[in-house]
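Order of appearance sets the numbers: ligands from 1, and atoms from 1 within every ligand.
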Amino acid sequence: MMASPNPDMCLAVLIVAAGRGMRAGGEIPKQWQPLAGRRVIDWTLSAFADVPDLTTVLCVVHPDDIDQLPNTRCVSGGDTRAASVRAGLEALADDDITHVLIHDAARPCISAKVIAGVTEALRQAPAAAPGAPVTDTLWRGEDTQITGTVDRGGLFRAQTPQGFAYDAIRAAHRAHDGAATDDVGVARAAGIPVTMTKGDPDNLKITTPGDFARAERILKAEMTPDIRTGNGFDVHRFGPGDHVMLCGVSIPHDRGLQGHSDADVGLHTITDAIYGGLAEGDIGRHFPPSDSQWKGADSRLFLEHAVALARARGYVISNIDCTLICEFPKIGPHAPAMTETLSDITGLVPDRISVKATTSERLGFTGRGEGIAALATVTLVGA
Ligand code: CTP
Ligand code: MG
């Protein structure tokens, strides 16, 4: 769980799942039916896993289903949604909470953003709930006849989670006559003002059989993996010296490579490819050549920085492919040591690292032995 940005707020979420899902069809109630690889309710529960300040999760289920969620605290619900909510609220009486979010198990596509909208509003208000604007034109009808059009201005679709100061909503439910259709109705009947936060059309309540396919499409779209590739290219000129640094390995040679740092063209290229994948510019942006502290620097530093940045941004490096272009020195004999060094710096297993080389058939500056060029591709996968 994340650190609490507000030490005064202690949140519980009440997931109401005691209904029988009559309109949704199927052999078992909708919340237990499969959806995109797990049960509807598993999606709902996992949506609340990382909510800041959340200390308690309680599910209200039908007495027949009390063993369905062995890892989640459950209590039995009642014959109506309101009765189920009330059972859940009473069960939280001894928990050390200040606020409660009440959410339908049948809304598995709830986003972190909609939840955050409600919890943020609760810092200023005793109650908050998401509303989504009505976009369709609304008609009145009788049998098969359209008898009028309703102005949709000022109309919103009520969604959950609906959030409340715990003591206030418990008292409101105790005092309620049972006519309200949701907890906002109960709160308002008790005179509690309710702030409306931004709802989301994707936060649908699975109600009829066709809703499963729509919910599955929404969840699968969110699961689309975040994959990025980055490329790098670098050149260093030969000058006087007795070795070259390539991919972190010192190779004896009758000349050296010139550059501000240790001129390791392989490490520079791979580093640039990672920065490229992150859209974070290049080495020059992070380690300006004008800064004397990088003079003669071990280029390992640069790659370590790029790897740490990728990790901090939530990416895992999936693979690295680097090609060195030169006539001499011959790379092949040193490639295994380079792979090992890159593995050591990046933490990738060696079979995700490729170091290969080519000549340029004696053509161009690499062919004439004036310098070494390198290019690299990396793949970053959002964790
Ligand atoms: N709910 C509940 N207890 C009830 C009735 C409903 O906890 N007695 C829950 C449902 O499980 C659902 C949410 O309240 O997560 C919203 O209700 P609804 O969509 O109407 O679900 P069901 O009542 O199960 O469906 P139906 O009305 O089609 O039978
Ligand atoms: Mg119902």
For ligand 1, the portion of His62 having any non-hydrogen atom under 4.0 Å away = neither
Measure the distance from atom 3 (N) of ligand 1 to every protein heavy atom, then report the residue, atom name and distance (to 0.1 Å) of the closest one.
-> Ser84 OG, 2.7 Å
Examine the proximity of ligand 1 to Thr207 and report which part, side chain or backbone, both or neither, has a heavy atom under 4.0 Å away.
-> neither
Can you list the atoms of ligand 1 that are under 4.0 Å from a heavy atom of Ala17?
-> 7 (O), 11 (O)
For Gly77 and ligand 1, answer yes if some heavy atom of the residue is under 4.0 Å from a ligand atom, otherwise no.
-> no
Nearest non-hydrogen protein atom to atom 20 (O) of ligand 1, with distance, is Arg23 NH2, 3.0 Å
Minimal heavy-atom distance between Ala187 and Val194, with the atoms involved, is CB-CG2, 4.2 Å
Short list, please: which atoms of ligand 1 are under 4.0 Å from a heavy atom of Lys205?
-> 16 (C), 18 (P), 19 (O), 20 (O)
Yes or no on side chain to side chain donor-acceptor pair (under 3.5 Å) for Thr377 and Asp321, after CA distance, side-chain angles and deciding distance?
-> CA-CA 5 Å; Thr377 305; Asp321 184 17; 5.5 Å; no
Report the relative orientation of the aromatic rings in Trp294 and Phe302; use parallel for angles under 30°, tilted for 30 to 60°, perpendicular for over 60°.
-> perpendicular
Which residue owns the protein heavy atom closest to atom 12 (C) of ligand 1, what's the atom, and how far is it?
-> Val16 O, 3.7 Å
Counting from 1, what ligand 1 atoms have a heavy atom of Ala106 closer than 4.0 Å?
-> 15 (O)
Do NZ/NE/NH1/NH2 and the carboxylate oxygens of Asp211 and Arg107 come within less than 4.0 Å?
-> no
Do Glu327 and Arg368 sit within salt-bridge range, that is, some charged N less than 4.0 Å from a carboxylate O?
-> no
What protein heavy atom sits nearest atom 21 (O) of ligand 1, and how far away is it?
-> Lys30 NZ, 3.1 Å
Using the benzene-type ring in the case of Trp, are the ring centres of Phe287 and His260 under 6.0 Å apart?
-> no
Out of Ala24, Gly78, Ala105, Gly19, whose heavy atom is nearest to atom 23 (O) of ligand 1?
-> Gly19
Does ligand 1 have any atom sitting under 4.0 Å from a heavy atom of Arg107?
-> no
Pick one of side chain, backbone, both or neither for how Thr80 approaches ligand 1, counting any non-hydrogen atom pair under 4.0 Å.
-> backbone
Could you tell me the residue and atom name of the protein heavy atom closest to atom 13 (C) of ligand 1, and the distance to it rounded to 0.1 Å?
-> Asp104 OD1, 3.4 Å
Applying salt bridge (charged side-chain N to carboxylate O under 4.0 Å, His left out), run through Asp226 and Arg313 and close with a yes or a no.
-> CA-CA 12 Å; Asp226 180 5; Arg313 292 266 310 268; over 6 Å; no
Is it the case that more than 12 heavy atoms not belonging to Arg38 sit under 6.0 Å from its CZ atom?
-> yes
Considering all heavy atoms of both residues, which atom of Ala127 and which atom of Phe164 are nearest to each other, and what is their separation?
-> CB-CD2, 3.5 Å
Quick one: nearest non-hydrogen protein atom to atom 29 (O) of ligand 1, plus distance?
-> Met22 N, 2.7 Å
First locate atom CG of Leu45, then atom NE2 of His103, and finally report the distance between them rounded to the nearest 0.5 Å.
-> 9.0 Å
Is there side-chain contact between Arg39 and Trp32, with heavy atoms separated by less than 4.5 Å?
-> yes
Identify the closest protein heavy atom to atom 22 (P) of ligand 1: which residue and atom is it, and at what distance?
-> Gly21 N, 3.6 Å
In ligand 1, which numbered atoms sit nearer than 4.0 Å to a non-hydrogen atom of Asp79?
-> 8 (N)
For ligand 1, the portion of Ala18 having any non-hydrogen atom under 4.0 Å away | both
